[in-house]
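The basis for the numbers below is simple: all heavy atoms, side chains too, and nothing from hydrogens, waters or symmetry mates. Lettering follows sequence order; numbering is per chain, from 1.
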2 protein chains.
Amino acid sequence: MPSTTADKKITKGARLRAQLRILLDDEIALGPGKADLLEAIRETGSISAAGKKMSMSYRRAWLLVDAMNRCFKSPLVDTAKGGVDGGGARLSEHGATVLANYRAMEQAVARITDKHFEAIKPLLKKNPVI
Amino acid sequence: MPSTTADKKITKGARLRAQLRILLDDEIALGPGKADLLEAIRETGSISAAGKKMSMSYRRAWLLVDAMNRCFKSPLVDTAKGGVDGGGARLSEHGATVLANYRAMEQAVARITDKHFEAIKPLLKKNPVI
DNA sequence: TCGCAATATATCCATGTAAATATAACGGCG
DNA sequence: CGCCGTTATATTTACATGGATATATTGCGA
């Protein structure tokens, strides 16, 4: 998929990004990308479709799921292979709980940072960056 | 500096990491590493010494300073070349203000996430990870 | 029993990031 | 002037991350 404008992340203006990661030893148990993937799995019903939706390779999507499942007490994603439709993946009850907690924390953080960022934003350059 | 135990970031147990980044267009104006670098510059009086202290290359430290200075209304770091001691770098008044705001925001976020993490931690596996 | 679609897993390879290295330029002072 | 240590900048090299690719496995239904 070629494109004239580099399709990286052409976002403009001043903004704040808060990233929350839950770590277990040296492994990222849950972070922004994994949380989005959990939602995509809930919506699509499979790791491969969720990966496509997020335009990542199946390999990568599977590795993320594997890491999550290994880090938490019980799997966040239940998988099945074979069967009429080849199998699939579902967000487990435990996974839904973890995801909800993570999203709630994100929102609480956003409320705080939004206020603080109002004070910082005027210190940034307005127009020309590069 | 060889080492038997890979000197990556051997931290253990369950914990939460909150990273706050101030973005201007596609550039990171300020983030965790840049904030630490600002403090190291304040303490050491030079980019090169600050880089050493944080065990990063001078090139990398300089690039970070350059990005910060380009993103904010006025430079966070004032530099001087030449002179008796070759020059140096100082945290500007504007830089001190920005850094203080960033640290305050970090602390406010930490207070929030600490509470939320107490609810999430028991959902994680305790002992065996790998 | 075969085919399908998805999980599960290994191997190879491209690419971007940062380190390593090199070199100017600068400006006080002895 | 010539020496320092630092800023400033370009160029090359090493490496880790993830993509591409391939293959085995599973289980239901036609």
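For A:T79, no side-chain nitrogen or oxygen approaches OP1 or OP2 of C:dA6 to under 4.0 Å. For B:W62 and D:dT7, the shortest distance from a side-chain N or O to OP1 or OP2 is not below 4.0 Å. Between B:S48 and the phosphate of D:dT7, there is a side-chain N or O to OP1/OP2 separation shorter than 4.0 Å.
Side-chain atoms of A:I22 and A:I28, non-hydrogen and from C-beta on, never get closer than 4.5 Å to each other. B:R42 has its side chain within reach of B:L99: a pair of non-hydrogen atoms, C-beta onward, lies under 4.5 Å apart. Within the 4.5 Å cutoff, the side chain of A:M68 has no heavy atoms near those of the A:V98 side chain. Within the 4.5 Å cutoff, side-chain heavy atoms of A:L30 are placed close to those of A:F72. Annotation: side chain of A:H94 is in contact with side chain of A:L76 (closest heavy-atom distance under 4.5 Å). Using a 4.5 Å heavy-atom threshold, the side chains of B:C71 and A:K125 count as separate.
Atom pair A:E27:CD and D:dT17:C1' shows a separation of 15 Å (rounding to whole Å applied). For A:D78 and C:dT7, the CG to P distance is 13 Å, given to the nearest whole Å. Nucleotide C:dC29 holds its P atom 19 Å from the NZ atom of B:K81, rounded to whole Å. A straight line from CG of B:D85 to C1' of C:dG30 spans 15 Å, rounded to a whole angstrom. Rounded to an integer number of Å, the gap from CG of A:L64 to C1' of D:dT17 is 13 Å.
Each of A:G86 and A:D66 lies near DNA chain C, and the nucleotide nearest A:G86 is the one positioned closer to the 5' end. Remark on DNA chain D: of its neighbouring residues A:G82 and A:Y58, the 5'-side contact belongs to A:Y58, judged by nearest-heavy-atom nucleotide.
As judged by a 4.0 angstrom heavy-atom cut-off over every strand, A:G83 is placed among the base-contacting residues. Within 4.0 Å (heavy atoms only), A:A80 reaches sugar-phosphate atoms of the nucleic acid but no base atom.
Taken residue by residue, residues 37-47 of chain B places heavy atoms nearer than 4.0 Å to DNA chain D at B:S46, B:I47.
No donor-acceptor pair under 3.5 Å is formed between the side chain of A:D25 and the backbone N or O of B:A14.
In this structure, B:S48 OG and B:K53 NZ are separated by 12.5 Å, a value rounded to the nearest 0.5 Å. In this structure, NZ on B:K121 lies 12.5 Å from NZ on B:K126, to the nearest 0.5 angstrom.
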Pairwise N/O distances under 3.5 Å, protein to nucleotides 19-21 of chain C:
from: C:dA19; atom 1: OP2; to: B:S57; atom 2: OG; distance (Å): 3.1

